[in-house]
Participant: 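One structure follows; several queries about it will come next.
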Amino acid sequence: MRITSWFGRKKYAHTSKPKPYVASPIAASEPISDQLEHNLLHLGQLFTDTPDLNIRHIPLRDTGELAALVYIEGLTDKNAINNNVINPLLHRADGSSLSSITVGRITKLRDWAPITSAILKGSSILFIDGQPDAFMLGTEGWPQRAIEDPQMETSLKGAHQGFVESIEQNIALIRRYLPHRELKIRNHQVGRRGDSRVGVMYLADVAHPEVLREMEERIDRIDIDVIINTGELVELIEDNPFSPFPQFMLTERPDTAASQVAQGRIVVLVDRSPSVIVGPSTFTSFFQSVDDYSTRWSIATFIRLLRFFAFFVAISLPAFYIAITSYHFELIPVKLLLTIGEYRGSVPFSPFIEAVFMEITLEMMREAGVRLPAPVGQTVGIVGGIVIGQAIVQAGLISNIMVIVVAFTAIASFILPNYDLVAGVRLIRFLMMIAASLFGLFGIVVSLMVLTGHLIALESLGTPFGSPFAPLRLSEWKDTFVRAPLWKMTKRPHSTRAVQSTRQGDNQPEGDGK
Amino acid sequence: MSVTGILRRALIVIPFTLLISGCYDRLDMEEASFSLVLGLDRDEQGNLIVYSSIPTFNQHAKKKTHEIVVSSISPREGRLKSDAYSVGSFQPRKLQVLVVSKALLLHKKEWDRYLDVFFRDGRNPVTSRVLVYDGKLNELFDYHPPDKPILPLQLLGMLESTDSRAETVVTTLQQLQRELLDKGQTPALPQFALDQELKLNRTALLDRDGRYAASLTSKEAMLLRLLQKNADKFRFTIPVPKHLVEEPGAANVLSFSADQTKTKIKVSRKGDKFRYDIYVHMPVNLTEILFPIDVVVEKAELEAACSAEIRKQLEALISKFQQKRLDPVGFGVYARAREYGYFKQVQDRWVDEFAKAEFNVKVNVVLADIGAIE
């Protein structure tokens with residue numbers, strides 16, 4: 001294998017066909033029998049070592065036939081089974097037994113494959129002696145978390161509902177924002193064993209069909225055991241898996257997702273995962289937060305500029321410190337030079353070692369804070385604050401200036417609203433530090449150039465990641481460094497490739513400015 | 001191979017090729033001994049003595065600077081010798097002030113060859129200020145008053161505050177080089193001395209060959225800056241004619257500040273004689289009057305008196321320049337701009353031409369503000 005191909009990314013071919021679903025070979029498409037005993041026997045063979053499988057024998061009241069209700073305990077709603085299925089079948093005699101069942105969804109099934117899959121997903125199956133069909137009853141119900149504030153993306157003014165682990169609820173949360181019949185959802189199944197339901201949500205009259213097809217093809221190509229979380233799906237469908245930067249935005253906020261759908265983007269929901277994928281994403285979309293649109297535009301603009309500034313600070317400040325103190329100290333104004341020199345004079349390490357040591361300590365503290373339970377997490381803060389803030393400087397191991405640099409860098413990276421982007425920034429920071437320690441400012445400049453080139457070359461779902469900077473579309477800078485007044489943004493961004501480009505009419509309030 | 005393939009290969013190869021050459025000029029700040037002040041002096045035998053003052057970054061050191069004195073044949077050799085004495089690697093990269101002793105300027109022929117190293121070696125700065133020291137440099141480098149910051153900061157601070165009042169010139173190495181090479185100009189440098197304390201109240205003028213020729217006082221330096229057009233804020237205290245002072249015995253002195261001074265210099269030639277028309281427009285704010293006068297009533301007289309006094313001083317300064325064959329204003333630059341052909345013929349003896357030139361000075365002082373008390 002060529003070394004270059006290792007860095008290369010796989011191109012997605014538009015012509016490829018999705019692979020057919022291959023079920024477990026034991027009961028591929030065998031139809032069920034009309035004998036109840038045979039069916040139960042077969043079921044026993046299919047579900048060995050499945051103690052949570054429950055089979056309830058029920059004599060039907062109206063015909064006296066024997067029936068069996070099969071379901072998995074824990075995945076089904078006990079109340080629904082007791083009150084809406086078993087109770088009417090046993091005690092109500094009016095009409096046929098089937099019509100007395102009071103659940104919302106009853107489907108006739110004939111083959112074993114869909115039956116086993118339905119059982120495993122929380123439906124209950126009713127076998128009736130003498131009938132060649134089984135009935136799938138929608139009695140799903142499993143342990144669920146209540147809807148809470150999003151954990152990763154908190155907002156001041158936005159809604160306080162975050163996605164949960166069930167796709168139905170997540171769809172409902174988005175639908176509440178866009179109750180429109182053009183909001184479509186296409187279902188895909190991903191994972192041979194996990195069989196996750198993946199919903200692709202889009203506005204049919206806005207989203208570009210080609211982008212949609214690309215997304216669906218990528219999802220259908222996946223041949224995998226199971227997808228536990230959305231992040232895994234992203235890694236399987238992104239354009240450049242070797243980039244440190246995320247090419248799809250993950251959000252756990254229904255309002256963010258809805259606003260992206262309304263802009264013409266596509267949202268992919270994964271069952272059992274509380275975050276959704278938004279694509280195609282651009283570099284600037286990682287600097288936007290919902291709060292931007294509900295604060296006054298001048299203030300939102302200021303915060304936007306802070307974020308872009310913070311991005312560069314978080315990437316290059318420690319590197320800059322290293323370059324300046326190791327190569328170009330003649331650039332420092334003489335008074336500052338004397339101050340820095342006084343602190344640096346007693347430090348036994350070179351600036352690079354100093355910076356790497358402090359940055360690694362910071363990253364460890366951050367990681368420790370994430371994984372520890374909240375009450376213990378506070379200890380990290382105290383240990384870090386005292387050890388790093390004071391003791392290390394007093395001991396003369398690290399200079400004061402370095403502590404300031406690290407603190408400033410940390411704060412700059414906290415400002416960025418997207419966790420995935422920050423993770424990339426943290427990684428790149430170390431590369432920049434190495435470049436700075438080897439080549440000084442020259443190394444920083446070259447690294448920034450390579451970084452810019454990389455960002456421009458990135459694509460998300462085949463659309464340019466750097467838009468609207470590269471390709472340049474000045475009219476779309478209204479939602480980049482600045483956040484223009486909402487009534488100025490009458491067009492959907494090009495980067496979404498929306499087919500319906502007009503977003504709103506003339507909404508500028510009547511007043512002095514108009 | 002496709003273009004992207006080439007690019008991708010290049011992206012992998014370039015970092016490694018860079019690694020080969022990296023690090024060679026790395027020098028951590030605390031491992032360098034960077035000299036902030038460099039002094040050039042001569043001993044009795046005429047040998048060059050190089051002084052340098054290096055800040056020490058050791059919290060346990062009592063003295064904040066380390067002075068090195070070496071005798072050498074050139075500044076670059078001085079650097080090599082100094083390296084033997086310094087704690088870290090001796091670096092002139094952050095040089096702030098170059099002090100040249102007056103003795104060196106007076107007695108050493110072609111002393112300016114010593115500056116060559118600053119322009120030939122790209123690592124050396126060209127923005128360091130050049131100052132002339134009136135005295136022996138060892139006094140200066142042994143001067144460590146407990147109540148003042150270290151020498152470079154003292155010198156820079158002094159220079160900055162004096163410059164803000166336009167009482168001397170500020171000359172960087174690069175500017176000095178230009179003034180030395182320019183045939184239509186002679187150099188000027190700030191001059192200071194150690195008289196109990198450091199004081200910067202003179203401006204040294206160098207002649208065509210770069211030798212010390214004369215010094216200007218603060219007041220003269222202010223007028224020089226006015227003619228050079230590179231300052232516009234001046235503070236003058238001048239005498240006025242006695243007839244304006246009604247009360248006998250009162251001091252005939254007033255002070256004013258001029259914040260928007262405009263100078264125009266026009267050059268023309270009649271035969272082999274240059275003629276300069278200098279027009280100074282000076283709106284002034286009165287800040288002090290030491291005699292009783294009704295400023296409102298006698299505005300015109302006061303303006304005329306001030307104009308006459310400034311004009312007198314300017315003319316005196318220019319004739320001093322002419323006598324000493326010095327052109328720190330750069331009148332030759334004007335001549336070259338306007339009378340190029342003729343200037344080319346006389347440029348090698350420009351100062352003599354300049355001495356012959358005729359000057360016509362006009363000053364227009366306008367009372368813009370008479371102060372708050374009236």
Side-chain angles (χ1 to χ4, degrees), chain A residues 2-9 11 240 242 321-355 396 399-401 431 434-443 445-447 449-451 453-454 457, chain B residues 1-2 4-37 54-61 64-65 87-88 91-97 123-129 149-150 152-153 155-157 160:
Chain A
R2 291 181 9 247
I3 186 172
T4 48
S5 68
W6 191 75
F7 283 93
R9 55 192 155 162
K11 294 272 184 234
N240 186 349
F242 293 105
Y321 173 79
I322 292 170
I324 288 279
T325 52
S326 300
Y327 285 93
H328 318 281
F329 47 77
E330 59 265 37
L331 290 182
I332 314 173
V334 65
K335 282 182 186 166
L336 184 61
L337 181 77
L338 294 174
T339 314
I340 295 180
E342 205 157 300
Y343 292 122
R344 292 270 327 128
S346 52
V347 175
F349 305 117
S350 79
F352 176 66
I353 303 291
E354 200 188 10
S399 69
N400 273 341
I401 309 283
L431 299 180
I434 292 171
S437 80
L438 293 178
F439 313 111
L441 280 182
F442 171 71
V445 170
V446 170
S447 311
M449 279 162 65
V450 171
L451 188 69
H454 172 68
Chain B
M1 205 189 323
S2 68
T4 52
I6 294 169
L7 280 179
R8 207 173 287 153
R9 238 166 232 213
L11 269 182
I12 295 164
V13 173
I14 286 171
F16 291 113
T17 54
L18 288 177
L19 276 174
I20 296 165
S21 66
C23 295
Y24 78 98
D25 59 347
R26 171 166 171 188
L27 176 67
D28 289 344
M29 197 176 105
E30 62 277 6
E31 276 153 24
S33 287
F34 38 91
S35 152
L36 293 178
V37 184
I54 299 165
T56 45
F57 293 138
N58 193 325
Q59 286 175 344
H60 305 297
K64 290 293 174 196
T65 53
V87 180
Q91 294 286 328
R93 282 153 64 178
K94 189 62 188 168
L95 185 66
Q96 294 293 300
V97 181
R123 276 259 144 158
N124 286 329
V126 291
T127 52
S128 320
R129 273 70 161 179
I150 60 175
L153 294 185
L155 292 178
L156 286 176
E160 198 178 319

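Naming: A, B, ... by sequence-line order, numbering from 1 per chain.
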Participant: Is it the case that the side chain of Lys94(B) and the backbone of Leu337(A) share a donor-acceptor pair, with hydrogens and angles ignored and the cut-off at 3.5 Å?
Facilitator: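 Between the backbone of Leu337(A) and the side chain of Lys94(B) there is no qualifying donor-acceptor contact (under 3.5 Å).
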
Participant: Answer whether the closest heavy-atom distance between the side chains of Phe352(A) and Arg26(B) falls below 4.5 Å.
Facilitator: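 Yes, side chains in contact.
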
Participant: Heavy-atom distances under 4.5 Å only: say whether Ile332(A) touches chain B with side chain, backbone, both or neither.
Facilitator: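 Its backbone and side chain both get close to chain B.
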
Participant: Does any non-hydrogen side-chain atom of Phe34(B) lie less than 4.5 Å from one of Glu330(A)?
Facilitator: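 No, every pair of side-chain atoms sits at 4.5 Å or beyond.
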
Participant: For Pro333(A), is it the side chain, the backbone, both, or neither that has a heavy atom closer than 4.5 Å to a heavy atom of chain B?
Facilitator: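 Contact with chain B involves the backbone of Pro333(A) alone.
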
Participant: Using side-chain heavy atoms (C-beta onward) and a distance below 4.5 Å, is Pro351(A) in contact with Met29(B)?
Facilitator: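 Counting from C-beta outward, Pro351(A) and Met29(B) never come under 4.5 Å.
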
Participant: Got a second to check how far Leu338(A)'s CG is from Leu36(B)'s CG, nearest 0.5 Å?
Facilitator: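 Separation between the atoms: 6.0 Å.
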
Participant: Roughly how far, to the nearest 0.5 Å, is the NE2 atom of His328(A) from the CG atom of Leu27(B)?
Facilitator: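 Atom-to-atom, Leu27(B):CG and His328(A):NE2 are 11.5 Å apart.
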
Participant: Do Arg344(A) and Phe57(B) meet the cation-pi criteria used here (NZ or CZ under 6.0 Å from the six-membered ring centre, within 45° of the axis)?
Facilitator: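 Judged by the rule (NZ or CZ under 6.0 Å from the ring centre, within 45° of its axis), Arg344(A) is not positioned above Phe57(B).
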
Participant: Which atoms of Ile340(A) come close to chain B, meaning under 4.5 Å heavy atom to heavy atom: side chain ones, backbone ones, both, or neither?
Facilitator: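 Interface part for Ile340(A): both.
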
Participant: Give, as side chain, backbone, both or neither, the part of Leu95(B) having an atom under 4.5 angstrom from any heavy atom of chain A.
Facilitator: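 Looking at Leu95(B), nothing touches chain A.
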
Participant: If the condition is side-chain hydrogen bond (donor to acceptor under 3.5 Å, both in side chains), which residues does Asn124(B) pass it with, not counting sequence neighbours?
Facilitator: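 Asn124(B) satisfies side-chain hydrogen bond (donor to acceptor under 3.5 Å, both in side chains) with no other residue.
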
Participant: Enter the distance from Ser326(A):OG to Asp28(B):CG here, rounded to the nearest 0.5 Å.
Facilitator: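 That separation rounds to 4.0 Å.
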
Participant: Could you measure the distance from the CD atom of Glu30(B) to the CZ atom of Phe349(A)? Nearest 0.5 Å is fine.
Facilitator: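 If I round to the nearest 0.5 Å, the distance is 11.5 Å.
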
Participant: Sequence neighbours left out, what passes side-chain hydrogen bond (donor to acceptor under 3.5 Å, both in side chains) with Thr325(A)? Give chain and number order.
Facilitator: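 Here no residue qualifies.
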
